[in-house]
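For reference, the structure discussed in these notes is given below.
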Amino acid sequence: MPIHKILLVDDSRTELQHISELLRQAGYSVRTAENGQQALSSLAEEKPDLILMDVVLPGANGFQLTRTITRDERFADLPVIICSSKGQMTDKVWGMRQGARDYVVKPVDGAELLRKIQALG
């Protein structure tokens, strides 16, 4: 399934702006959420083709949110890429165990992120 619509979940407005701009310049439609509740509300409104998920979020963290989304039958086919400053191998392994398809460490390398997105589409 080609990826066109991306939901970007991050509590940093700077990151939201930076990554959104990168994705829009690459031709993607981007919606943003600053916490788990906003992300779940956005999912209920319109299912994206991909979620880019930060780990450190207010309330439920990105690992918990990824697990919730990927284990919900309505979203089981929805790929999640974790995009976090938590770059230890244990973080990456844990993220994949929660259902993420890939993991990108911040600061984001734009070319790497775009390659990973294209590999899913």
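Throughout, residue positions are numbered sequentially from 1 according to the sequence presented.
No donor-acceptor distance shorter than 3.5 angstrom exists from the side chain of N35 to the backbone of P58, with no hydrogens or angles considered.
Between V108 and I19 the shortest heavy-atom distance is CG2-CD1, 3.9 Å. Taking every heavy atom of both residues into account, I3 and Y28 meet most closely at O-CE2, 3.2 Å. For the pair L43 and P48, the tightest heavy-atom approach, listed with the atom from each and the gap, is CD2-CD, 3.4 Å. Scanning all heavy atoms of the two residues, the minimum distance from S20 to T32 falls at OG-CG2, 3.5 Å. Taking every heavy atom of both residues into account, P79 and L50 meet most closely at O-CD1, 3.4 Å. Contact between R67 and R71 at its shortest, heavy atoms only, is CD-NH1, 2.9 Å.
Atoms CG and CG, from D10 and L57 in turn, are 7.0 Å apart once rounded to the nearest 0.5 Å. Atom CZ of R31 sits about 3.0 Å away from atom OG of S42, to the nearest 0.5 Å. In this structure, C83 SG and L52 CG are separated by 6.0 Å, a value rounded to the nearest 0.5 Å. Taken from CD in E112 to CD1 in I117, the straight-line distance is 10.5 Å, to the nearest 0.5 Å. Here the CG-CG distance, from L23 to L113, works out to 6.0 Å after rounding to the nearest 0.5 Å. Atom-to-atom distance recorded for I81:CD1 and L8:CG is 11.0 Å, nearest 0.5 angstrom.
Using a cutoff of 4.0 Å between basic side-chain nitrogens and carboxylate oxygens, K47 and D77 are scored as salt-bridged. Taking 4.0 Å as the cut-off between side-chain N and carboxylate O, D102 and K116 count as a salt-bridged pair.
Residues I82 and M96 form no side-chain contact, since every pair of their non-hydrogen atoms from C-beta on lies 4.5 Å or further apart. Using a 4.5 Å heavy-atom cutoff, the side chains of I51 and V9 are in contact. Between M53 and I69, some side-chain heavy-atom pair lies under the 4.5 Å cut-off. A heavy-atom distance below 4.5 Å is not found between the side chains of V55 and D91.
A donor-acceptor pair shorter than 3.5 Å cannot be found between the side chains of Q17 and E21.
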Item checked: Full working for side-chain contact (heavy atoms from CB on, under 4.5 Å) between K92 and V105 -> CA-CA 9 Å; K92 294 177 183 179; V105 178; 3.7 Å; yes
Note to self: Could you walk me through whether K86 and Y103 satisfy the side-chain contact (heavy atoms from CB on, under 4.5 Å) test, starting with their C-alpha distance in whole Å, then the side-chain angles of each, then the deciding distance to 0.1 Å, before giving a yes or no?
What the structure shows: CA-CA 10 Å; K86 293 180 152 301; Y103 200 107; 3.7 Å; yes
Margin query: Set out, in order, the CA-CA distance, both residues' side-chain angles and the distance that settles side-chain contact (heavy atoms from CB on, under 4.5 Å) for L65 and L40, then state yes or no.
Written below: CA-CA 9 Å; L65 200 53; L40 293 173; 3.9 Å; yes
Next item on the list: Check step by step if side-chain contact (heavy atoms from CB on, under 4.5 Å) holds for V80 and F75.
Entry: CA-CA 10 Å; V80 176; F75 307 116; over 6 Å; no
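More than 12 heavy atoms of other shown residues, nucleotides or ligands fall within 6.0 angstrom of atom CD in E46.
Linking Ile, Leu, Val, Met, Phe, Trp and Tyr whenever their side-chain heavy atoms come within less than 4.5 Å puts L22 and L120 in one cluster.
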